[in-house]
Amino acid sequence: MDIAAVKDYLTGLQDRIVDCFGELDGNAFLRDAWERPEGGGGVSRLLEEGNLLERGGVGFSHVTGTKLPPSASAHRPEIAGRPWEAMGVSLVFHPRNPYVPTVHMNVRFFAAKSPDGDASKAVWWFGGGMDLTPYYGFEEDCAHFHRANRDALAPFGPAFHARFKKWCDEYFYNRHRQEPRGIGGTFFDDFNEPGFGTSFAIMRAVGDAFLPAYVPIVERRRDTPYGERERDFQAYRRGRYVEFNLVWDRGTHFGLQSGGRTESILMSLPPVVRWRYNWKPEPGTPEAKLYTDFLVPKDWA
């Protein structure tokens with residue numbers, strides 16, 4: 001179990017993504033290094049009020065502790081009370097143009113050490129994935145995003161993509177709304193079954209797929225004309241994003257319950273959001289098409 005190699009990969013991935021989107025936006029990301037009193041720290045990279053990104057955050061964290069929060073130990077009671085460490089890269093990009101979809105990506109590693117110090121008794125796993133949240137959907141964008149995810153996992157056999165795609169559809173779902181957050185992608189968690197080497201390789205494959213999955217969509221849609229109607233609908237749908245992150249997201253719960261840095265955890269939230277009471281788009285409108293044609297699980301690839 002080479003934890004140093006995992007950390008090197010994650011910090012390099014953060015740098016690659018920040019460099020790419022700093023160039024696409026034309027503005028530099030803020031760099032904010034921080035420490036956590038309970039152990040560890042991280043580096044948050046943030047761009048606000050950019051040309052492309054209204055808000056974009058790419059965070060790296062490597063945190064340690066002596067007692068796991070409920071969000072991590074509830075489904076694994078055998079690790080409660082163990083010393084632990086967790087590291088990962090998590091990003092959310094909220095573009096300014098409503099025709100460019102919001103995107104989330106996260107790759108992470110977790111280890112709970114044995115109380116007697118025996119490394120062979122450590123409990124560890126990888127997790128990660130990415131999902132796309134359009135406001136105005138395009139079939140070619142959805143197909144491209146899902147094919148990039150499929151192709152990234154193909155070297156490990158066809159079963160992984162089918163499994164992780166279904167997992168993503170089920171996870172990124174606002175159960176209180178009975179509605180998907182977006183059009184899905186890939187998601188996996190608590191993953192260690194192929195052993196450390198292959199599990200790490202799968203996590204890297206997912207992380208490396210992010211730029212080829214998302215950048216072509218950005219370049220295709222970023223100059224699409226839009227007006228106040230589209231911005232208003234974007235802000236309304238962003239409310240669903242906020243609801244998922246605060247109500248259901250396991251990573252947000254873990255970060256807050258473990259004493260993580262609140263500013264870095266919540267930099268995933270969009271800067272402009274609107275809620276409306278009991279509102280639905282008029283049938284036949286482009287806004288209604290999001291619900292009928294895109295917010296339904298499909299085999300996009």
Side-chain angles (χ1 to χ4, degrees), residues 16-30 45-59 89-106 129-149 168 172 179-186 207 209-245 267-274 281 285-295 298 300-301:
R16 279 188 281 142
I17 293 171
V18 166
D19 289 347
C20 176
F21 273 84
E23 184 173 343
L24 285 171
D25 189 277
N27 289 282
F29 279 71
L30 168 75
R45 306 297 305 273
L46 184 71
L47 196 160
E48 293 185 297
E49 296 300 326
N51 298 312
L52 169 66
L53 299 176
E54 191 168 14
R55 185 178 225 201
V58 189
V89 166
S90 183
L91 70 83
V92 177
F93 290 156
H94 293 289
R96 183 178 301 280
N97 190 317
Y99 288 100
V100 183
T102 285
V103 71
H104 158 262
M105 191 278 291
N106 174 275
M130 67 183 89
D131 69 294
L132 197 69
T133 306
Y135 306 98
Y136 294 89
F138 296 89
E139 291 189 2
E140 63 179 315
D141 295 350
C142 299
H144 169 80
F145 189 79
H146 278 272
R147 287 169 185 162
N149 278 268
C168 187
F172 291 105
E179 179 184 282
R181 184 168 88 172
I183 60 109
T186 299
F210 172 72
L211 291 175
Y214 186 57
V215 170
I217 298 171
V218 170
E219 293 176 330
R220 191 181 297 136
R221 306 297 170 198
R222 64 178 299 173
D223 295 323
T224 305
Y226 65 90
E228 284 304 311
R229 171 178 176 155
E230 290 85 359
R231 280 286 285 173
D232 179 76
F233 185 62
Q234 178 193 48
Y236 173 75
R237 287 299 309 172
R238 281 174 170 176
R240 299 292 204 265
Y241 207 92
V242 172
E243 289 175 23
F244 180 86
N245 275 27
M267 73 179 181
S268 66
L269 300 182
V272 177
V273 190
R274 291 179 182 171
T285 61
E287 292 77 18
K289 190 176 180 181
L290 176 71
Y291 296 83
T292 58
D293 294 11
F294 293 92
L295 296 184
K298 293 184 182 181
W300 290 104

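All figures in this text were calculated on a predicted structure; none of them were measured in a lab. Heads up: numbering here begins at 1 and tracks the sequence.
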Would you name the heavy atoms of [X] and [Y] that are closest together and state the gap between them?
X      : Y      : answer
Arg237 : Pro180 : NH2-O, 4.2 Å
Ile17  : Phe210 : CD1-CD2, 3.9 Å
Gly182 : Pro134 : CA-CD, 4.5 Å
Pro271 : Arg238 : CD-NH1, 4.2 Å
Tyr136 : Pro98  : CD1-O, 3.9 Å
Gly185 : Cys168 : N-SG, 3.3 Å

How far apart are the C-alpha atoms of Phe172 and Phe244, what are their side-chain angles, what is the distance that settles it, and do they pass the ring-ring contact (aromatic ring centres under 6.0 Å, His included) test?
CA-CA 8 Å; Phe172 291 105; Phe244 180 86; 5.4 Å; yes

Short question: side chain of [X], backbone of [Y] - any donor-acceptor pair under 3.5 Å?
X      : Y      : answer
Asn149 : Phe145 : yes
Glu23  : Cys20  : no
Lys298 : Cys142 : no
Asn97  : Arg222 : yes
His94  : Val103 : no
Arg45  : Leu30  : yes
His146 : Ile183 : yes
Asn51  : Asp25  : yes

Any chance you could measure [X], atom [atom1], to [Y], atom [atom2], to the nearest 0.5 Å?
X      : Y      : atom1 : atom2 : result
Phe21  : Leu53  : CZ    : CG    : 6.5 Å
Arg274 : Phe233 : CZ    : CZ    : 13.0 Å
Asp131 : Asn106 : CG    : CG    : 10.5 Å

Residues two or more places apart in sequence or in another chain: which of them pass salt bridge (charged side-chain N to carboxylate O under 4.0 Å, His left out) with Arg231?
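By the salt bridge (charged side-chain N to carboxylate O under 4.0 Å, His left out) rule, Arg231 matches Glu54.
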
Which residues pass the salt bridge (charged side-chain N to carboxylate O under 4.0 Å, His left out) test with Glu139, not counting sequence neighbours?
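With neighbours one apart ignored, the set is empty.
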
Do [X] and [Y] get their side chains close enough for a donor-acceptor pair, meaning under 3.5 Å?
X      : Y      : answer
Tyr236 : Glu287 : no
Arg240 : Asn245 : no
Tyr135 : Thr102 : yes

Any non-hydrogen side-chain atom of [X] less than 4.5 Å from a side-chain atom of [Y]?
X      : Y      : answer
Phe138 : Tyr99  : yes
Phe93  : Tyr214 : yes
Pro101 : Thr133 : no
Leu132 : Ile217 : yes
Glu219 : Val100 : no
Phe29  : Glu48  : no
Asp141 : Arg220 : yes
His104 : Ser90  : yes

Do you know which of Leu91, Val58, Leu211, Thr186 makes side-chain contact (heavy atoms from CB on, under 4.5 Å) with Met105?
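Checked Leu91, Val58, Leu211, Thr186 against Met105; only one passes side-chain contact (heavy atoms from CB on, under 4.5 Å): Leu91.
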
Could you walk me through whether Tyr291 and Glu179 pass the side chain to side chain contact (heavy atoms under 4.5 Å, CB included) test, one step at a time?
CA-CA 9 Å; Tyr291 296 83; Glu179 179 184 282; 3.6 Å; yes

Glu140 and Arg221: CA distance, side-chain angles, deciding distance, salt bridge (charged side-chain N to carboxylate O under 4.0 Å, His left out) verdict
CA-CA 11 Å; Glu140 63 179 315; Arg221 306 297 170 198; 3.0 Å; yes

Does the pair Glu49 and Arg55 meet the rule for a side chain to side chain contact (heavy atoms under 4.5 Å, CB included), with working shown?
CA-CA 6 Å; Glu49 296 300 326; Arg55 185 178 225 201; over 6 Å; no

Could you check whether Arg181 makes a cation-pi contact with Tyr241, meaning its NZ or CZ is under 6.0 Å from the centre of the six-membered ring and within 45° of the ring axis?
yes

